[in-house]
Amino acid sequence: MSHRRRSYSVTVDDLGKANDFFERMEAPDRTTMDPLISLHKYTEMIGNRYLRGLDPTSTASNYRGAINLRVLPALGHLSIRSITTGTIDRTIDTWEISCSSATLKNTTAALTRVLDEAVRDELITTNPTRTRARRQRQAARMVTVLEIPSLATVFKLADLCRTVHAAYGDFVLLSALLAARSSEVAGLLVGDINWDQKVVTIARQYFPGAGGLCVKPTKGRRVRVIPILKPLETTLRRLTDNRDPGEPLLRGPRGGVITTGSLRQATNWDSLVTALGHFGLRRHDLRHAGATWFANAGVPLHIVSDILGHASIETTKIYLHSDRTELTRAAARVDRYLAHEPAAV
């Protein structure tokens, strides 16, 4: 025993907060951990505990980077108990200005996990990040009218990408007509195309991780079977004829894996989609387009969900967009109905 008596001090704004501090200090179940520990020191102390259950090659790496690059520089100096919902809101508002939606989501999720550990360690009673995280998920579920590209537009986009390299155009068509993720298109092998049953098996993906690109199971860890649509047959025939089943279906100009980032950079993607009237269209939106085409054609929602590899139909609903063409057709159907509706007396 050191025979040293540890003391803590804190500056508060009013008597109520002072009494709250004393109650926490005197609580019989109070943790032996420093109650005023900073977020930075706490994160160092727990190590990778907040990353339990995450894929170490992708999600865990992204979360770790988010903590080091954004969370700790912004909040690391604060004691965990001084981080309020208002502090979280103001910090995330700042990140929204400079970060993409995916980066923002990963950063918020990583911070939520760290503060969940603080709740388990009884440093705080509730996680102040969860209120903001719920608000973000609700905003993501808001129904928006997105200008989904038509099949003709996707073919135009593919032709423009082919002027740089043929594989880039093929990548565009496969992403849309298989409603597949870019990483899954990159992971396709020639043998994944079954011409007897006219289906494509999606069983793997190339995903960027801490050590570079790696082959891993699909996001849902489920092997999916996708029907080959007629507009894709010619492209797939060309890519599979007289080739070994174990060969990669697509490779870039230098024989490397095509990623969404390399496609964007090589083709000057943003300018191409803007010229076609689809400003802001991402490579992942091609998957949304394919999903919407399946749904608009009357394919049952549970089948569309299986094609996309979603565990929940609710997730699939987020992917489906009421594009302008379908809204126009819906209006025409209602007009025909109203034309035969008896006049009100």
*Asks:* Answer yes or no: is there a side-chain heavy-atom contact under 4.5 Å between Arg251 and Ile258?
*Replies:*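 Side-chain contact under 4.5 Å: no.
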*Asks:* Report the C-alpha distance between Ser82 and Ser79 in whole Å, list the side-chain angles of each, state the deciding distance to 0.1 Å, and finish with yes or no for side-chain hydrogen bond (donor to acceptor under 3.5 Å, both in side chains).
*Replies:* CA-CA 5 Å; Ser82 70; Ser79 70; 3.1 Å; yes
*Asks:* Which residues pass the side chain to side chain contact (heavy atoms under 4.5 Å, CB included) test with Thr240, not counting sequence neighbours?
*Replies:*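 Testing Thr240 for side chain to side chain contact (heavy atoms under 4.5 Å, CB included), a comparison that skips the adjacent residues, returns Val190, Ile193, Trp195, Leu249.
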*Asks:* Between the side chains of Thr107 and Arg70, is a donor N or O closer than 3.5 angstrom to an acceptor N or O?
*Replies:*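 Yes, Arg70 and Thr107 have a side-chain donor paired with an acceptor closer than 3.5 Å.
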*Asks:* Can any side-chain N or O of Asp170 pair as donor or acceptor with the backbone N or O of Leu250 at less than 3.5 Å?
*Replies:*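 Judged by distance alone, no pair lies under 3.5 Å.
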*Asks:* Tell me whether Leu189 is reachable from Ile226 by hopping between hydrophobic residues (I, L, V, M, F, W, Y) whose side-chain heavy atoms are closer than 4.5 Å.
*Replies:*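 Per the 4.5 Å side-chain linkage, Ile226 and Leu189 are not co-clustered.
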*Asks:* Quick one: pull up CG in Leu111 and CG in Leu75 and give me the separation to the nearest 0.5 Å.
*Replies:*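 It comes to 6.5 Å.
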*Asks:* If we ignore hydrogens and angles and just use 3.5 Å, is the side chain of Arg238 paired with the main-chain N or O of Thr234 as donor and acceptor?
*Replies:*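 No; zero donor-acceptor contacts below 3.5 Å.
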*Asks:* Which heavy atom of Pro35 sits nearest to which heavy atom of Leu123, and what is that distance?
*Replies:*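 Heavy-atom minimum between the residues: CA-CD2, 4.0 Å.
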*Asks:* Could you go through Leu188 and Leu178, starting from their C-alpha distance and side-chain angles, then the distance that decides it, and tell me whether this counts as side-chain contact (heavy atoms from CB on, under 4.5 Å)?
*Replies:* CA-CA 11 Å; Leu188 288 173; Leu178 294 178; 4.0 Å; yes
*Asks:* What salt bridge (Lys or Arg N to Asp or Glu O under 4.0 Å) pairs are there with at least one residue in residues 259-278, not counting sequence neighbours?
*Replies:*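 Pairs touching residues 259-278 that pass the test: Arg264-Asp270.
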*Asks:* Assess the residue pair Asn194 and Val200 against the criterion (side-chain contact (heavy atoms from CB on, under 4.5 Å)); give the C-alpha distance rounded to whole Å, side-chain angles, the decisive distance to 0.1 Å, and a yes or no.
*Replies:* CA-CA 6 Å; Asn194 184 328; Val200 175; over 6 Å; no
*Asks:* Is there a chain of hydrophobic side chains (I, L, V, M, F, W, Y, each step under 4.5 Å between heavy atoms) that links Leu78 to Tyr50?
*Replies:*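 The answer is yes; both residues are in one hydrophobic cluster.
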*Asks:* Taking only residues two or more places apart in sequence or in another chain, which ones pass side-chain hydrogen bond (donor to acceptor under 3.5 Å, both in side chains) with Glu117?
*Replies:*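 Partners of Glu117 by the side-chain hydrogen bond (donor to acceptor under 3.5 Å, both in side chains) criterion, ordered by chain and then number, come out as Arg49, Arg52, Arg120.
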*Asks:* What are the two closest heavy atoms between Pro227 and Phe294, and how far apart are they?
*Replies:*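 Closest approach of Pro227 to Phe294: CG-CE2, 4.2 Å.
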*Asks:* Given the rule in the side-chain contact (heavy atoms from CB on, under 4.5 Å) test, do Thr260 and Phe171 qualify, once you have shown the distances and angles that lead to the verdict?
*Replies:* CA-CA 10 Å; Thr260 180; Phe171 196 96; 5.8 Å; no
*Asks:* Side chains of Thr125 and Val119: closer than 4.5 Å at any heavy-atom pair?
*Replies:*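 No, too far: nothing below the 4.5 Å cut-off.
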*Asks:* Could you check whether Thr316 and Ser305, counting side-chain N and O atoms only, form a donor-acceptor pair closer than 3.5 Å?
*Replies:*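 There is such a pair between these side chains.
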*Asks:* Give, for atom OG1 of Thr153 and atom CG of Leu157, the distance between the pair rounded to the nearest 0.5 Å.
*Replies:*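 One gets 9.0 Å once the value is rounded to the nearest 0.5 Å.
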*Asks:* Output every pair passing side chain to side chain donor-acceptor pair (under 3.5 Å) with a member in residues 221-232, not counting sequence neighbours, ordered by first then second residue.
*Replies:*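 Counting only pairs at least two positions apart or across chains, the side chain to side chain donor-acceptor pair (under 3.5 Å) contacts touching residues 221-232 are Glu184-Arg224.
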*Asks:* Could you tell me which residues satisfy salt bridge (Lys or Arg N to Asp or Glu O under 4.0 Å) with Arg287, sequence neighbours excluded, listed by chain and number?
*Replies:*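 Applying salt bridge (Lys or Arg N to Asp or Glu O under 4.0 Å) to Arg287 gives none.
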*Asks:* Can you name the closest pair of heavy atoms from Ile83 and Pro128 and give their distance?
*Replies:*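 Looking at all heavy atoms of both residues, the shortest contact is O-CG, 3.5 Å.
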*Asks:* Looking at CG of Leu236 and CG of Leu229, how far apart are the two atoms once the value is rounded to the nearest 0.5 Å?
*Replies:*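 Between atom CG of Leu236 and atom CG of Leu229 there are 10.0 Å.
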*Asks:* How long is the gap from CZ on Arg130 to CG on Leu115, to the nearest 0.5 Å?
*Replies:*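 These two atoms lie 9.5 Å from each other.
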*Asks:* Between atom CG of Leu104 and atom CG of Asn106, what is the distance when rounded to the nearest 0.5 Å?
*Replies:*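 It comes to 9.0 Å.
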*Asks:* Do Ile303 and Val199 land in one hydrophobic cluster if side-chain heavy atoms of ILVMFWY residues count as linked below 4.5 Å?
*Replies:*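 No; Val199 is not reachable from Ile303 via cluster members.
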*Asks:* Does Val185 reach the side chain of Tyr206, with side-chain heavy atoms less than 4.5 Å apart?
*Replies:*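 No, side chains not in contact.
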*Asks:* Within the structure provided, determine whether Arg204 and Thr218 are in side-chain contact (heavy-atom separation under 4.5 Å).
*Replies:*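 Arg204 does not reach Thr218 side chain to side chain.
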*Asks:* Would Val71 and Trp95 satisfy side-chain contact (heavy atoms from CB on, under 4.5 Å), going step by step from the backbone distance to the final call?
*Replies:* CA-CA 10 Å; Val71 173; Trp95 289 336; 3.9 Å; yes
*Asks:* May I ask you to test the Phe207-Leu213 pair for a side-chain heavy-atom distance under 4.5 Å?
*Replies:*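 SC-SC contact between Phe207 and Leu213 ruled out.
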*Asks:* So, using salt bridge (Lys or Arg N to Asp or Glu O under 4.0 Å) as the criterion, who are the partners of Lys41 when residues are at least two apart?
*Replies:*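 Scan of Lys41 (salt bridge (Lys or Arg N to Asp or Glu O under 4.0 Å), adjacent residues dropped) gives none.
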*Asks:* Under 3.5 Å, is there a donor-acceptor pair between the side chain of Thr108 and the main chain of Lys105?
*Replies:*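 No; zero donor-acceptor contacts below 3.5 Å.
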*Asks:* Measure from the side-chain N and O atoms of Gln205 to the backbone N and O of Pro217, and report whether any donor-acceptor pair falls under 3.5 Å.
*Replies:*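 Yes: the side chain of Gln205 pairs with the backbone of Pro217.
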*Asks:* Sequence neighbours left out, what passes salt bridge (Lys or Arg N to Asp or Glu O under 4.0 Å) with Arg90? Give chain and number order.
*Replies:*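 Here no residue qualifies.
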*Asks:* Donor-acceptor pair, distance only, cut-off 3.5 Å: does the side chain of Arg283 make one with the backbone of Trp269?
*Replies:*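 Absent.
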*Asks:* Would a hydrophobic clustering, with Ile, Leu, Val, Met, Phe, Trp and Tyr connected at side-chain separations under 4.5 Å, put Ile80 with Ile46?
*Replies:*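 Linked within one cluster.
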*Asks:* Of all heavy-atom pairs between Ala179 and Gly290, which one has the smallest distance, and what is that distance?
*Replies:*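 That would be CB-C, 4.1 Å.
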*Asks:* List the residues meeting ring-ring contact (aromatic ring centres under 6.0 Å, His included) with His310, not counting sequence neighbours, and say none if there are none.
*Replies:*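 Partners of His310 by the ring-ring contact (aromatic ring centres under 6.0 Å, His included) criterion, ordered by chain and then number, come out as Tyr319.
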*Asks:* Report whether Met45 and Leu72 are members of the same hydrophobic cluster (ILVMFWY, side-chain heavy atoms less than 4.5 Å apart, transitive linking).
*Replies:*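 Linked within one cluster.
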*Asks:* Calculate, to the nearest 0.5 Å, the distance between atoms OG and NZ belonging to Ser183 and Lys216 respectively.
*Replies:*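 That separation rounds to 8.5 Å.
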*Asks:* Tell me, please, which residues at least two apart from Tyr168 pass ring-ring contact (aromatic ring centres under 6.0 Å, His included).
*Replies:*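 Per chain and number, Tyr168 pairs via ring-ring contact (aromatic ring centres under 6.0 Å, His included) with His165.
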*Asks:* Among residues at least two apart in sequence or on other chains, which ones pass side-chain hydrogen bond (donor to acceptor under 3.5 Å, both in side chains) with Asn62?
*Replies:*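 Once residues adjacent in sequence are excluded, Asn62 has no partner under the side-chain hydrogen bond (donor to acceptor under 3.5 Å, both in side chains) criterion.
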*Asks:* Quick check: are there more than 12 heavy atoms from other residues, nucleotides or ligands sitting under 6.0 Å from NZ of Lys219?
*Replies:*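 No - once you tally the heavy atoms of other residues, nucleotides and ligands closer than 6.0 Å, there are 12 at most.
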*Asks:* Before accepting this row, confirm whether a basic side-chain N of the pair Asp116/Arg113 lies closer than 4.0 Å to the acidic partner's carboxylate O.
*Replies:*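 Salt bridge between Asp116 and Arg113, a charged N being under 4.0 Å from a carboxylate O: no.
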*Asks:* Under 4.5 Å between any side-chain heavy atoms of Arg64 and Asn68, yes or no?
*Replies:*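 A side-chain contact under 4.5 Å exists here.
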*Asks:* Does one side chain, of Tyr42 or Asp34, offer a donor that lies under 3.5 Å from an acceptor on the other?
*Replies:*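 No pair is found: no donor N or O on one side chain lies under 3.5 Å from an acceptor on the other.
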*Asks:* Between Leu177 and Trp293, is any pair of side-chain heavy atoms under 4.5 Å apart?
*Replies:*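 A side-chain contact under 4.5 Å exists here.
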*Asks:* Would you say the side chain of Ile88 lies within less than 4.5 Å of the side chain of Ile92, judging by non-hydrogen atoms?
*Replies:*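 Yes; the side chains approach each other to less than 4.5 Å.
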*Asks:* Go through the structure and list residues passing side-chain hydrogen bond (donor to acceptor under 3.5 Å, both in side chains) with Asn48, not counting sequence neighbours.
*Replies:*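 So Asn48 forms no side-chain hydrogen bond (donor to acceptor under 3.5 Å, both in side chains) with any residue.
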*Asks:* Would you please name every residue forming a side-chain hydrogen bond (donor to acceptor under 3.5 Å, both in side chains) with Thr84, sequence neighbours left out?
*Replies:*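 Applying side-chain hydrogen bond (donor to acceptor under 3.5 Å, both in side chains) to Thr84 gives Thr87.
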*Asks:* For Asn268 and Ser271, which I'm curious about, is there any donor-acceptor pair between the side chains at under 3.5 Å?
*Replies:*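 The answer is yes; a qualifying pair exists.
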